[in-house]
Amino acid sequence: MMGKLICFLIVMLGICSRMAQGSYADFKIVKCDSLQSVNSIALDSIHPRYFFKTGDSIIIITNYDGRKNLALVMDLKSRKIVGSFMPYGRKKNQLLSTFSAGFVNNHLWGYDLIGNKIVTYDLNVKPHTADSSRYHTYPLDKSYYWVVMGDTSTVYASGNDTQYAKIDKFVPSTQGEIVEIGNFNDIPTRLKEAPIEWRLSQQAFLFIRPDQRYAALACRFTDKIEFFDLHSGTSKVLRGPDGYEAQYKMSVGESVNLIYTNMTKRAYLSGYASSKYLYLIYLGDFHYLSREEQHRKIMVFDWNGNFKKCYLVPGFPEELIVSEEEHKMYMYDKITNSLEIYDLH
């Protein structure tokens with residue numbers, strides 16, 4: 001009896017609480033509005049992995065391309081690189097990769113999947129201060145597919161092979177108490193003895209609304225998004241627009257891996273979480289299609305899990321951000337290797 005009481009108190013305190021499986025809804029696209037770029041920024045030899053706008057600058061995070069630093073600062077007026085930081089390497093305050101990244105409270109952060117750590121860089125520190133005081137490095141106890149910093153003291157993470165919940169929430173400096181969000185109660189009966197297969201097939205990109213009221217998981221191999229209300233403890237799974245499950249083969253050896261087949265489709269590819277909407281780049285087609293054969297869409301959802309808009313843009317949208325007032329969208333076109341700017345309507 002005492003054990004049950006303690007567990008009840010823990011759940012009430014939110015230390016290890018799991019959300020109940022949410023409701024389901026379906027949607028279809030009626031029409032997509034076409035957008036045309038109103039401005040373009042050529043990037044020459046720079047190939048962004050991510051980018052973030054701050055004031056009159058854009059911070060571009062690249063994969064390692066021979067440069068000393070992975071983060072480059074471009075002045076939007078001159079369109080020249082005026083600074084760089086986030087050094088490449090294996091040491092403290094260095095990154096081998098930036099699998100996920102973000103910009104929060106004037107801090108840039110990058111998740112290094114290879115080094116299994118998060119590195120943050122504080123842009124609030126005075127320019128002439130030693131660089132070492134700008135950085136903080138947080139080695140992670142677990143390896144996750146996707147990591148998001150809600151603020152500089154809160155991490156949300158998903159995609160660990162042994163994870164009981166769909167999202168773990170923790171303080172990066174301690175990682176002592178993990179709040180568990182969501183569950184895998186939707187696992188098919190045939191896979192209950194192989195839960196890792198279900199987790200891999202449902203692998204998703206994680207997004208957190210800036211005020212940390214809502215979270216969303218947008219799946220890579222099935223066109224499903226699960227929206228989480230982090231205050232009420234409820235969730236909603238939105239299915240569509242094409243209605244397909246993940247198609248794959250499993251490879252079991254020293255590790256368990258999902259293998260693409262001729263029937264494997266890619267669903268959501270990347271996105272951006274604003275205060276008002278969740279913007280996602282969607283393919284919904286076979287993984288082997290060439291760039292010219294792909295027809296990517298920009299899908300817009302509110303945080304209650306309702307489909308709002310669809311946009312079509314020329315080119316090959318790879319990443320996007322939206323201005324603070326949500327009047328403009330900045331998109332990286334991989335074919336032209338440029339940042340394209342669109343007016344939203």
Side-chain angles (χ1 to χ4, degrees), residues 11-12 14 16-30 32 100 144-148 150 154 156-160 163-169 178-189 191 195 198-246 265-284 297-311 320 322 326:
V11 170
M12 290 301 290
C16 64
S17 61
R18 300 180 194 169
M19 284 184 177
Q21 186 64 42
S23 61
Y24 288 83
D26 300 296
F27 80 98
K28 294 288 185 182
I29 299 174
V30 176
C32 284
S100 61
Y144 293 95
Y145 176 72
W146 208 256
V147 166
V148 175
T154 310
Y156 298 83
S158 66
N160 177 270
Q163 204 169 357
Y164 289 108
K166 289 185 175 178
I167 303 171
D168 285 351
K169 175 186 175 184
I178 294 179
V179 177
E180 296 180 336
I181 302 166
N183 58 60
F184 290 96
N185 290 349
D186 55 350
I187 184 171
T189 302
L191 292 177
W198 180 245
R199 292 191 186 105
L200 285 172
S201 72
Q202 303 301 300
Q203 198 173 71
F205 301 105
L206 173 61
F207 300 93
I208 305 295
R209 198 169 82 166
D211 63 1
Q212 301 181 66
R213 168 69 189 270
Y214 295 95
L217 287 169
C219 291
R220 298 179 63 206
F221 307 114
T222 173
D223 57 346
K224 292 189 292 190
I225 313 167
E226 186 163 5
F227 291 86
F228 301 86
D229 185 328
L230 302 181
H231 286 189
S232 69
T234 58
S235 74
K236 174 183 177 180
V237 177
L238 189 63
R239 299 176 295 202
D242 299 308
Y244 61 89
E245 293 295 336
K265 292 183 176 182
R266 296 175 67 196
Y268 295 101
L269 307 176
S270 62
Y272 182 78
S274 77
S275 297
K276 190 174 183 180
Y277 293 125
L278 174 63
Y279 297 79
L280 296 174
I281 298 176
Y282 176 75
L283 175 59
K297 302 177 180 69
I298 312 299
M299 315 275 276
V300 185
F301 306 86
D302 68 24
W303 287 100
N304 291 316
N306 299 306
F307 170 67
K308 304 300 290 185
K309 298 175 184 176
C310 173
Y311 294 119
L320 65 87
V322 176
E326 306 203 27

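In this chain, residues are counted from 1 in sequence order.
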### Message
Let's go through Phe301 and Phe27 carefully: what are the C-alpha distance in whole Å and the side-chain angles of both, what is the deciding distance for ring-ring contact (aromatic ring centres under 6.0 Å, His included) to 0.1 Å, and is it a yes or a no?
### Response
CA-CA 11 Å; Phe301 306 86; Phe27 80 98; 5.6 Å; yes

### Task
Run the numbers on Trp146 and Leu217 for side-chain contact (heavy atoms from CB on, under 4.5 Å), then give the verdict.
CA-CA 10 Å; Trp146 208 256; Leu217 287 169; over 6 Å; no

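Separating the NZ atom in Lys297 from the CG atom in Leu283 is a distance of 8.0 Å, to the nearest 0.5 Å. The CZ atom of Arg239 lies 12.0 Å from the SG atom of Cys219; values are rounded to the nearest 0.5 Å. Once rounded to the nearest 0.5 Å, the distance linking OG of Ser158 with NZ of Lys166 reads 11.0 Å. For the atom pair Met299 CE and Tyr311 OH, the distance stands at 12.5 Å (nearest 0.5 Å). Between the CD1 atom in Ile181 and the CD atom in Glu226 there is a gap of 11.0 Å [rounded to 0.5 Å]. Atoms CD1 and CD1, on Ile208 and Ile167 in that order, are 5.5 Å from each other to the nearest 0.5 Å.
Without hydrogens or angle criteria, Gln163 side chain to Tyr144 main chain gives no donor-acceptor distance under 3.5 Å. Although no hydrogens or angles enter the test, the distance criterion places no donor-acceptor pair under 3.5 Å between the side chain of Asn304 and the main chain of Asn306. Side-chain N or O atoms of Thr234 include none that pairs as donor or acceptor with a backbone N or O of Asp229 at under 3.5 Å. Not a single donor-acceptor pair under 3.5 Å links the side chain of Arg209 to the backbone N or O of Trp303. Although no hydrogens or angles enter the test, the distance criterion places no donor-acceptor pair under 3.5 Å between the side chain of Asp168 and the main chain of Ile178. Looking only at distances, a side-chain donor or acceptor of Asp223 sits under 3.5 Å from a matching main-chain atom of Gly243. Formation of a donor-acceptor pair under 3.5 Å by the Gln203 side chain with backbone atoms of Tyr145 is not found in this model.
Using a 4.5 Å heavy-atom cutoff, the side chains of Asp242 and Tyr282 are in contact. Under the 4.5 Å side-chain criterion, counting only non-hydrogen atoms from C-beta, Ile187 is in contact with Pro195. For the pair Leu280/Ile225, a side-chain contact is recorded, criterion being any heavy-atom separation below 4.5 Å from C-beta on.
Between the side chains of Tyr214 and Asp302, no donor-acceptor pair of N or O atoms lies under 3.5 Å.
Under a cut-off of 6.0 angstrom, the local environment of NZ in Lys236 is crowded, with over 12 non-hydrogen atoms contributed by other residues, nucleotides or ligands.
Under the 6.0 Å distance and 45° angle rule, Lys265 counts as a cation-pi partner of Tyr244.
Between Tyr156 and Phe228, the distance separating the two ring centers is not shorter than 6.0 angstrom.
The two residues Thr222 and Ser201 have their closest heavy-atom pair at CG2-O, 4.4 Å. In terms of heavy atoms, Pro241 sits closest to Tyr268 at CD-OH, 4.2 Å.
Screening Lys308, Lys309, Glu326 for a side chain to side chain contact (heavy atoms under 4.5 Å, CB included) with Tyr279, the sole residue that qualifies is Glu326.
Using a cutoff of 4.0 Å between basic side-chain nitrogens and carboxylate oxygens, Asp186 and Lys224 are not scored as salt-bridged.
Using cut-offs of 30° and 60° on the angle between ring planes, the pair Phe207 and Phe205 is tilted.
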